[in-house]
Engineer: 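The structure is given below, and queries will be raised subsequently.
The basis for the numbers below is simple: all heavy atoms, side chains too, and nothing from hydrogens, waters or symmetry mates.
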Amino acid sequence: MHKPRYAQPAGIYWTVLLMVFSQKIWTVNSVELTFELPDNARECFHEEIQKQQTATLEFQVVSGGRYDVDVTLESPTGEEIYRQIKTQFDSYQFTASATGIYTACFSNEFSTFSHKIVYMDFQVGEEQPLPGIEEHATVLTQLESSAQEIHKALNAILDYQTHHRLREAQGRKRAEDLNERVLWWSLTETVAILVIAIGQVLVLRNFFSEKKPSQMSYQLMK
């Protein structure tokens, strides 16, 4: 049976390309994490940003209380460049006016008993281009154009997966809270029904119980 030429090298080439894309996606300079924010607490994160460098701060409250939190972003000089009060989610993009440490703070100080779970993504700088494409002097070939499109699609898939996981975690937490409330409400109703039933039995038993003669004569004398 005749085998087509270059079938194996082409497959190896595409495999290597996909491995490069997978590794390249994770080299973006960013801080992405999910953390717990206790009641009456304030958490701050610091990131060094160069002048004229673009950065994006994105956050979302996954669970806790009314799903809100206070957020501030300060420049190296202490100037407040971004502020949100009791917000569930938002995204803010800015260009650094000076080189230094920028501070993003999340505050739950207005809450007295509600713990919050907060997701944060602090991306700094533009995404690095694929190897060999940025310095390409001629028009991109069909293979290079396809590789670039695959790279963009993989980034979009990662972003969609992240937001899907956040929505799934938020929905699961709300369902668990609702289930807990229904459970306690059912237990309260059960206890109330039992108390009322026992009370009714005692009252009816008192009505139909025969009184002793000594008690009846004592009541007549009164």
Side-chain angles (χ1 to χ4, degrees), residues 18-65 67-111 115-136 140 144 147-167 169-170:
L18 290 176
M19 292 176 61
V20 170
F21 297 158
S22 301
Q23 294 175 358
K24 200 63 179 177
I25 289 175
W26 297 105
T27 58
V28 180
N29 186 16
S30 65
V31 177
E32 184 178 6
L33 53 89
T34 303
F35 61 95
E36 182 179 0
L37 186 62
D39 54 291
N40 297 317
R42 178 184 176 90
E43 294 287 345
C44 294
F45 301 90
H46 310 276
E47 186 70 23
E48 184 177 2
I49 306 177
Q50 303 297 323
K51 185 177 181 180
Q52 300 301 321
Q53 199 172 23
T54 303
T56 303
L57 174 63
E58 182 179 0
F59 67 92
Q60 179 177 343
V61 181
V62 180
S63 65
Y67 299 86
D68 53 358
V69 71
D70 295 342
V71 183
T72 57
L73 180 62
E74 296 182 358
S75 65
T77 59
E79 178 185 0
E80 192 173 79
I81 60 179
Y82 173 75
R83 181 180 181 86
Q84 287 292 335
I85 304 297
K86 295 184 178 181
T87 305
Q88 179 179 353
F89 62 89
D90 196 14
S91 179
Y92 177 70
Q93 185 176 9
F94 65 98
T95 302
S97 58
T99 301
I101 303 297
Y102 287 75
T103 305
C105 293
F106 299 84
S107 175
N108 193 30
E109 296 174 333
F110 58 86
S111 179
H115 285 56
K116 307 290 176 63
I117 302 296
V118 184
Y119 163 80
M120 181 198 69
D121 185 9
F122 202 170
Q123 297 182 0
V124 178
E126 299 292 338
E127 185 179 357
Q128 297 295 328
L130 292 177
I133 292 184
E134 182 182 19
E135 60 273 6
H136 208 287
L140 297 178
E144 291 171 339
Q148 196 171 28
E149 293 297 326
I150 293 174
H151 180 66
K152 294 180 181 179
L154 289 175
N155 285 333
I157 290 173
L158 287 176
D159 188 54
Y160 291 150
Q161 287 180 339
T162 299
H163 288 84
H164 176 73
R165 285 194 297 267
L166 290 175
R167 287 193 296 268
Q170 190 177 56

Engineer: Compare every heavy atom of H46 with every heavy atom of T103, then report the nearest pair and how far apart it is.
Structural biologist: OG1-ND1, 3.0 Å
Engineer: What are the two closest heavy atoms between E109 and N40, and how far apart are they?
Structural biologist: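 Taking E109 first and N40 second, the nearest heavy atoms are O-OD1, 3.2 Å.
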Engineer: Is the closest side-chain heavy-atom distance between T95 and Q53 below 4.5 Å?
Structural biologist: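 T95 vs Q53: side chains apart.
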Engineer: Could you tell me which non-hydrogen atom of V124 sits nearest to which non-hydrogen atom of E47, and how far apart they are?
Structural biologist: CG2-CG, 3.5 Å
Engineer: Using the side-chain contact (heavy atoms from CB on, under 4.5 Å) criterion, which residues pair with A41? Sequence neighbours excluded.
Structural biologist: L37, P38
Engineer: Which heavy-atom pair separates T56 from S91 by the least distance, and what is that distance?
Structural biologist: CG2-OG, 3.7 Å
Engineer: Under a 3.5 Å distance rule, please check whether T99 uses its side chain to pair with a backbone N or O of K51 as donor and acceptor.
Structural biologist: yes
Engineer: Quick one: pull up OG in S75 and CD1 in I101 and give me the separation to the nearest 0.5 Å.
Structural biologist: 12.0 Å
Engineer: Where do S107 and V69 come nearest, in terms of heavy atoms and distance?
Structural biologist: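 Heavy atoms only, the tightest pair is O-CG2, 3.1 Å.
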Engineer: Y67: what forms a side-chain contact (heavy atoms from CB on, under 4.5 Å) with it, not counting sequence neighbours?
Structural biologist: V61, S63, Q88, Q170, K173, R174, D177
Engineer: Please report the C-alpha distance between V118 and Q60 in whole Å, then the side-chain angles of each, then the deciding distance to 0.1 Å, and finally whether the side chain to side chain contact (heavy atoms under 4.5 Å, CB included) criterion is met.
Structural biologist: CA-CA 6 Å; V118 184; Q60 179 177 343; over 6 Å; no
Engineer: Keeping the roles fixed (side chain from Q161, backbone from L158), state whether a donor-acceptor pair exists under 3.5 Å.
Structural biologist: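 Between the backbone of L158 and the side chain of Q161 there is no qualifying donor-acceptor contact (under 3.5 Å).
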Engineer: Give me the ring orientation class for F59 and F106: parallel if the planes are under 30° apart, tilted from 30 to 60°, perpendicular past 60°.
Structural biologist: perpendicular
Engineer: If you look only at pairs with a residue in residues 70-79, which of them pass as a salt bridge (charged side-chain N to carboxylate O under 4.0 Å, His left out), with sequence neighbours excluded?
Structural biologist: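 Qualifying pairs, neighbours excluded: none.
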Engineer: Could you tell me which residues satisfy side-chain hydrogen bond (donor to acceptor under 3.5 Å, both in side chains) with E43, sequence neighbours excluded, listed by chain and number?
Structural biologist: none
Engineer: Using distance only, find each side-chain donor-acceptor pair of residues 80-87 under 3.5 Å and give its atom names and separation, not counting sequence neighbours.
Structural biologist:
unit_1	atom_1	unit_2	atom_2	d
E80	OE2	R83	NH1	3.2
Y82	OH	D90	OD2	2.5
Q84	OE1	T87	OG1	3.2
T87	OG1	I85	O	3.3

Engineer: Quick one: ring pair (Phe, Tyr, Trp, His ring centres under 6.0 Å) partners of F45, sequence neighbours excluded?
Structural biologist: F35
Engineer: So, taking the atom named CD in Q93 and the one named CG in L57, what distance separates them when rounded to the nearest 0.5 Å?
Structural biologist: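 It comes to 11.0 Å.
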Engineer: Does the side chain of H115 come within less than 4.5 Å of D39's, by heavy atoms?
Structural biologist: yes
Engineer: With a 3.5 Å distance limit and no angle check, can you tell me whether K116 reaches the backbone of D68 through a side-chain donor-acceptor pair?
Structural biologist: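 Between the backbone of D68 and the side chain of K116 there is a qualifying donor-acceptor contact (under 3.5 Å).
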Engineer: Any idea which heavy atoms bring Y102 and S97 closest together, and the distance?
Structural biologist: OH-N, 3.4 Å
Engineer: Side chain to side chain contact (heavy atoms under 4.5 Å, CB included), that's the test. Do I49 and F122 meet it? Break it down for me.
Structural biologist: CA-CA 11 Å; I49 306 177; F122 202 170; 4.2 Å; yes
Engineer: Taking C-beta and beyond as the side chain, do Y119 and L33 meet within less than 4.5 Å on heavy atoms?
Structural biologist: no
